[in-house]
Protein chains: 2
Amino acid sequence: MQTISDAESRIMEALWRKTPLSAEQIFAAVGAENGWAPATVKTLVTRLLKKKAISGGKEGDSYVYRPLITRAAWVQSESQGMLDKLFKGEVAPLVAHFAEHRKLSAKDLKQLKALIARIEEDK
Amino acid sequence: MQTISDAESRIMEALWRKTPLSAEQIFAAVGAENGWAPATVKTLVTRLLKKKAISGGKEGDSYVYRPLITRAAWVQSESQGMLDKLFKGEVAPLVAHFAEHRKLSAKDLKQLKALIARIEEDK
DNA sequence: CTTGCCAGATTACGCGCGTAACTTCAGATT
DNA sequence: AATCTGAAGTTACGCGCGTAATCTGGCAAG
């Protein structure tokens, strides 16, 4: 629900990439990648079930898991929290910060301009 | 050093607002605001000392604390971590996310345009 | 019917955090 | 010199997390 831990979010990412997944598929997707034992993956899945972040159930012939919260919702709460804590909730200072630290790529700049243009248009 | 916890960051914020501060002043600044007992504030200060995030020492007549890391450095590591985790390190998608969720204020928009213009200028 | 597999539940353990009290040690005051 | 004061260190405790193994119970296959 509220707090998806870092390790747990890896499981969520796998399910957001492809849904639904079986226990085995989840392990295949994240186990090796993170160096986790199958038991560890199981624990994380169990905790996510308890948190109502995912659901598990039999569908047809096999038992599979599905995310109950969307990635967008998760991203929203995570990024909003950071924004509030670090930049008083204002987006521009955040971008300014990245600009100062040379973390604004040319690609970012181009996309930002396009984004702003789009917003201006249907304003 | 690396990991300044949430509670600890409140202490840091106080020291970044005004430096140096005595133990008493730190408590005055953050204790009431967060509902912390003096002992709790002391623990947090101690942990920050151990982490080399602040320094403490006698200056003139009283004992005071100073931050050893800058707010900018902290903001950088925090925001970069979030950016990498949530948006593959790209700033534009982050802004796009906020735009979609109607979290982009008119003020933000104006500042962003100004910011981009400034960057373009001395490119 | 019995055995085995698989999902879920229980248990484990060390670490950091939030919250806090108590102890120690050195400098200052009496 | 003895006492006090304030800073640092030590100890405490429950919780969530990262990491993992084991137990249990139901369905499927032999």
Side-chain angles (χ1 to χ4, degrees), chain A residues 1-15 19-68 74 77-78 81 85, chain B residues 1-15 19-68 74 77-78 81 85:
Chain A
M1 71 188 108
Q2 290 80 285
T3 19
I4 291 174
S5 80
D6 213 71
E8 285 159 8
S9 73
R10 311 295 178 88
I11 308 284
M12 295 305 292
E13 292 284 6
L15 283 170
T19 295
L21 292 180
S22 70
E24 251 178 289
Q25 288 174 318
I26 292 179
F27 177 65
V30 303
E33 184 184 329
N34 293 286
W36 286 334
T40 300
V41 175
K42 261 181 69 159
T43 299
L44 295 173
V45 166
T46 301
R47 286 182 182 162
L48 286 169
L49 283 170
K50 192 166 310 172
K51 288 180 185 180
K52 303 279 168 104
I54 66 177
S55 70
K58 178 148 269 182
E59 291 187 19
D61 52 346
S62 60
Y63 202 100
V64 295
Y65 299 90
R66 289 177 181 278
L68 287 180
W74 176 67
S77 67
E78 292 285 302
K85 191 169 76 167
Chain B
M1 69 188 113
Q2 290 78 285
T3 20
I4 290 174
S5 80
D6 213 71
E8 286 160 8
S9 75
R10 311 296 176 87
I11 308 283
M12 295 306 292
E13 292 284 6
L15 284 170
T19 296
L21 291 180
S22 69
E24 252 178 288
Q25 289 174 318
I26 293 178
F27 177 65
V30 303
E33 184 185 329
N34 293 286
W36 286 335
T40 300
V41 174
K42 259 182 70 160
T43 299
L44 295 172
V45 166
T46 300
R47 286 182 183 163
L48 286 169
L49 282 171
K50 192 168 307 172
K51 288 180 185 180
K52 302 282 168 101
I54 65 175
S55 69
K58 178 148 268 179
E59 290 188 19
D61 53 345
S62 61
Y63 201 100
V64 295
Y65 299 90
R66 288 176 182 282
L68 286 180
W74 176 67
S77 67
E78 292 285 302
K85 191 169 77 168

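Protein chains get the first letters and strands the later ones, always in sequence-line order, with residue 1 at the start of each.
The nearest pair of heavy atoms linking B:Ser9 to B:Trp74 is CB-CZ2, 3.6 Å.
To the nearest 0.5 Å, the span separating CD on A:Glu13 from CD1 on A:Ile11 amounts to 11.0 Å.
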Donor-acceptor contacts under 3.5 Å from residues 33-43 of chain A side chains, at least two apart:
| from | atom 1 | to | atom 2 | distance (Å) |
| --- | --- | --- | --- | --- |
| A:Asn34 | OD1 | A:Arg10 | NH1 | 2.5 |
| A:Asn34 | ND2 | A:Val30 | O | 3.0 |
| A:Thr43 | OG1 | A:Ala39 | O | 3.1 |

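Rounded to whole angstrom, the span from the CZ atom of B:Arg47 across to the C1' atom of D:dT10 amounts to 12 Å. Look at CG on A:Asp6: it is 14 Å from C1' on D:dT19, rounded to the nearest Å. Following rounding to the nearest Å, B:Lys51 (NZ) and D:dG9 (P) show an atom-to-atom distance of 15 Å.
Heavy-atom distances under 4.0 Å link DNA chain C to B:Trp36, B:Ala37, B:Ala39, B:Thr40, B:Thr43 of residues 28-43 of chain B, given in residue order.
The side chain to side chain contact (heavy atoms under 4.5 Å, CB included) test applied to A:Thr19 returns A:Leu15, A:Arg66, A:Pro67, not counting sequence neighbours. B:Ser5 pairs by the side chain to side chain contact (heavy atoms under 4.5 Å, CB included) definition with B:Ala7, B:Glu8, not counting sequence neighbours. Judged as a side chain to side chain donor-acceptor pair (under 3.5 Å), and not counting sequence neighbours, B:Glu24 has no contacts. Not counting sequence neighbours, the partners of B:Leu68 by the side chain to side chain contact (heavy atoms under 4.5 Å, CB included) test are B:Ser55.
Close approach of DNA chain C to chain A, defined as any atom under 4.0 Å from a non-hydrogen atom of the protein, starts and stops at C:dA7 to C:dA12.
Position along DNA chain D of the nearest nucleotide to B:Gly57 versus A:Leu44 favours B:Gly57 as the more 5'-ward residue.
Evaluation of atom-type donor-acceptor distances gives no pair under 3.5 Å for the side chain of A:Arg10 against the base of D:dT19.
In terms of phosphate contacts, B:Tyr63 brings a side-chain nitrogen or oxygen within less than 4.0 Å of OP1 or OP2 of D:dA8.
Counting heavy atoms from C-beta outward, B:Ile4 and B:Glu78 have side chains that stay 4.5 Å or more apart.
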